[in-house]
Amino acid sequence: MSTISEQIFSRASGKKAKANDFVIADVDFAMAHDGTSVLAVRAFREMEEEKVWNPERIVIPFDHLTPANTDTTATLQQDIRRWIKNQGIKNFYDIGEGICHQLLPENGFALPGKLVVGADSHSCTYGAFGAFGTGVGATDMAEIFASGKLWFKVPESIKITAEGKFNNAVSAKDLILKIIGTLGVAGATYKAAEFYGSTIDSLSMSGRMTICNMAIEMGAKTGIVPPDKTTFDFLEGIAAQRYEPVYADEDALYSKEYNFDTTELEPQIASPHQVDNVHDISDIKTTKLDQAFIGTCTNGRLEDLEVAASILKGEKVSIRTIVIPASRNVLIEAVRKGIIETLLEAGVTVGSPGCGPCLGGHMGVIGKDEVCISTANRNFKGRMGTGGYIYLASPATAAASALTGEITDPREI
């Protein structure tokens, strides 16, 4: 009667693992980015460890403050580059390669049945591939660097089923916002959310990554989509290891089950300053905007840029509009398909692949009382700049709103 999470932890710990058990598990792949690797390496050195447990299982992308925004950042990144070279870590992705949660899937590290741990809360993104992807603190990551192991409490699982076909201009981002708005920011605390149903089955890998990426925003330890042909086709030729998919037993025990009908779902908006402050776009009053931002580990993939370009083609944005591709590969393909040209002709500013202003670091932070519509995953007070207001939305809604300068239903464009 095992869930996907219980089966993954049973393999990783070498013993039968059930919900609420405490286990010591072998980590398949470990990730720390430029922000968290600094703290993880500091803790690793304080532990007086000399060599990491397996340099081939560690992935370090630089994405949060790239290119470096201050001399302090540059010096810290310089130190980590030296440490990476000394440790013989080959899976290093320097500035401009992209966001960690895009790079791990693109390079075959997010695999069905694997335990993939990142020093970043949105590591739950990897669950889109049937992995158990989760985030930990930097000191926990130091322990993984040293031993390849970490203790976990096996989470209870909840089952979320979405049935139906999206209407025009509605996407995976709208669905996950609807789910978070229904469950609340603490509705899935320390649970593993398994996603099922015809709506989920029809999603591309990009859409599934969007869903799992935001599982943490309702408190979940991870979000998981059972792997299928869509998953296997994506991984063909890029998987970093052999993998064995796992699936929940038919009589698996879930602590709660939720059902969503997506046939009438309309574009969703998460208003400041909580991710679960979600509304149908038809209920949002006219809201003037200062900036639109399309990108991040939630919605910076090729299909997201393609949607934005289809709306902006032949038009001009009326507010500051920033588009940042999730990776170099996404950028190259967007250039090849003419997407970037369309965006630039529409007056969009295109940034170097990375996190951009999402975390409030640089490349587009907003000023006091400014309002931004964003495809990111968080709209907390101060998230993109002290005193600003963030509305979360899909790429279609963000692009439509960039044209009009106010929150706009993309179905009207």
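Side-chain atoms are counted along with the backbone in the values below, which use heavy atoms only and exclude waters and symmetry mates. Residues take their numbers from the sequence shown, with the count starting at 1.
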Visitor: Kindly indicate whether the side chain of L312, heavy atoms from C-beta on, has any atom under 4.5 Å from the side chain of L343.
Guide: yes
Visitor: Quick one: are T321 and Q291 in side-chain contact, heavy atoms under 4.5 Å?
Guide: no
Visitor: With a 3.5 Å distance limit and no angle check, can you tell me whether N299 reaches the backbone of P395 through a side-chain donor-acceptor pair?
Guide: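 Not at all, since once roles are kept as given, no pair shorter than 3.5 Å links the two residues.
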Visitor: Any idea which heavy atoms bring P410 and A400 closest together, and the distance?
Guide: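 Residues P410 and A400, closest heavy atoms: CA-CB, 3.8 Å.
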Visitor: Quick test of your reading of the model: are R81 and D94 salt-bridged, counting only N-O distances below 4.0 Å?
Guide: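 Yes, this pair counts.
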Visitor: Can you confirm whether more than 12 heavy atoms, excluding those of Q78, are under 6.0 Å from its CD atom?
Guide: yes
Visitor: Is it true that a side-chain atom of T125 and a backbone atom of M209 form a donor plus acceptor pair closer than 3.5 Å?
Guide: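 Such a contact is absent between T125 side chain and M209 backbone.
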Visitor: Is the distance between the ring centroids of F9 and F152 less than 6.0 Å?
Guide: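 Yes; F152 has its ring centre under 6.0 Å from that of F9.
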Visitor: Nearest 0.5 angstrom please: T36 OG1 to M141 CE, how far?
Guide: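 Spacing of OG1 (T36) from CE (M141) equals 7.0 Å.
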Visitor: Between the side chains of K85 and D79, is the shortest nitrogen-to-carboxylate-oxygen separation below 4.0 Å, so that they form an ion pair?
Guide: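 Salt bridge absent between D79 and K85.
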Visitor: Got more than 12 heavy atoms from elsewhere within 6.0 Å of NZ, K381?
Guide: no
Visitor: Going from CD1 on I390 to OG on S374, what distance comes out if it is rounded to the nearest 0.5 angstrom?
Guide: 6.5 Å
Visitor: Given F234, which partner from the list T230, I238, T231 fulfils the side-chain contact (heavy atoms from CB on, under 4.5 Å) test?
Guide: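 Among T230, I238, T231, the one that satisfies the side-chain contact (heavy atoms from CB on, under 4.5 Å) with F234 is I238.
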Visitor: Side-chain donor-acceptor pair under 3.5 Å between N329 and S327, yes or no?
Guide: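 Result is no, nothing qualifies.
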Visitor: Counting only N and O atoms by type, is there a donor-acceptor contact under 3.5 Å from the side chain of D280 to the main-chain atoms of E266?
Guide: no
Visitor: Under a 4.0 Å N-O cut-off, is there an ion pair linking E56 with K90?
Guide: no
Visitor: Hey, can you tell me if F44 and F145 have their rings parallel, tilted or perpendicular (30° and 60° cut-offs)?
Guide: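 Answer is perpendicular, since the angle exceeds 60°.
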Visitor: Should the pair K159 and Y196 be classed as cation-pi, given the thresholds of under 6.0 Å to the six-membered ring centre and 45° from the axis?
Guide: yes
Visitor: Decide yes or no for I224 and T222: does some side-chain heavy atom of the first lie under 4.5 Å from some side-chain heavy atom of the second?
Guide: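 Side chain of I224 against side chain of T222, heavy atoms only: contact under 4.5 Å found.
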Visitor: Could you tell me whether a side-chain N or O of E6 sits under 3.5 Å from a main-chain N or O of T3, the two making a donor and an acceptor?
Guide: yes
Visitor: Which pair of non-hydrogen atoms, one from A119 and one from H33, has the smallest distance, and what is that distance?
Guide: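 Scanning both residues, the minimum pair turns out to be O-NE2, 3.6 Å.
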Visitor: Side chains of Y247 and Q7 only: does a donor on one sit below 3.5 Å from an acceptor on the other?
Guide: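 There is no such pair (donor and acceptor under 3.5 Å, judged by atom type) between the side chains of Y247 and Q7.
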Visitor: Roughly how far, to the nearest 0.5 Å, is the CZ atom of R208 from the CG atom of N213?
Guide: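 Reported to 0.5 Å precision, the distance equals 15.5 Å.
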Visitor: Before we go on, tell me: are the rings of W83 and F92 under 6.0 Å apart, centre to centre?
Guide: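 For W83 and F92, the ring centres are not under 6.0 Å apart.
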Visitor: Could you state the interatomic distance from CD1 (I366) to CZ (F293), rounded to the nearest 0.5 Å?
Guide: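 Spacing of CD1 (I366) from CZ (F293) equals 11.5 Å.
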Visitor: Is a side-chain N or O of S394 found less than 3.5 angstrom from the main chain of K173, in a donor-acceptor match?
Guide: no
Visitor: Within a reach of under 6.0 Å around CZ of R42, are more than 12 heavy atoms found that belong to other residues, nucleotides or ligands?
Guide: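 Result for CZ/R42: open.
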Visitor: So which heavy atom on T397 is nearest to which on S401, and how close?
Guide: O-OG, 2.7 Å
Visitor: Are F109 and L103 close enough that some pair of their side-chain heavy atoms sits under 4.5 Å apart?
Guide: no
Visitor: So do R301 and Q102 actually touch side chain to side chain, heavy atoms under 4.5 Å?
Guide: yes
Visitor: Taking all heavy atoms of P272 and all of N277, pick out the closest pair and write down the distance.
Guide: O-ND2, 3.0 Å
Visitor: Looking at every non-hydrogen atom in both residues, tell me the closest pair between L289 and E406 and how far apart they are.
Guide: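 Closest approach of L289 to E406: CD1-C, 3.6 Å.
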Visitor: Looking at T375 and T298, what are the two nearest heavy atoms and their distance?
Guide: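 Looking at all heavy atoms of both residues, the closest pair is O-CB, 3.6 Å.
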Visitor: Ignoring hydrogens and geometry, is there a side-chain-to-backbone donor-acceptor pair from R320 to A292 under 3.5 Å?
Guide: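 No; judged by distance alone, with no hydrogens or angles, the pair does not exist.
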Visitor: Looking at E143 and K149, does any basic side-chain N land under 4.0 Å from a carboxylate oxygen?
Guide: no
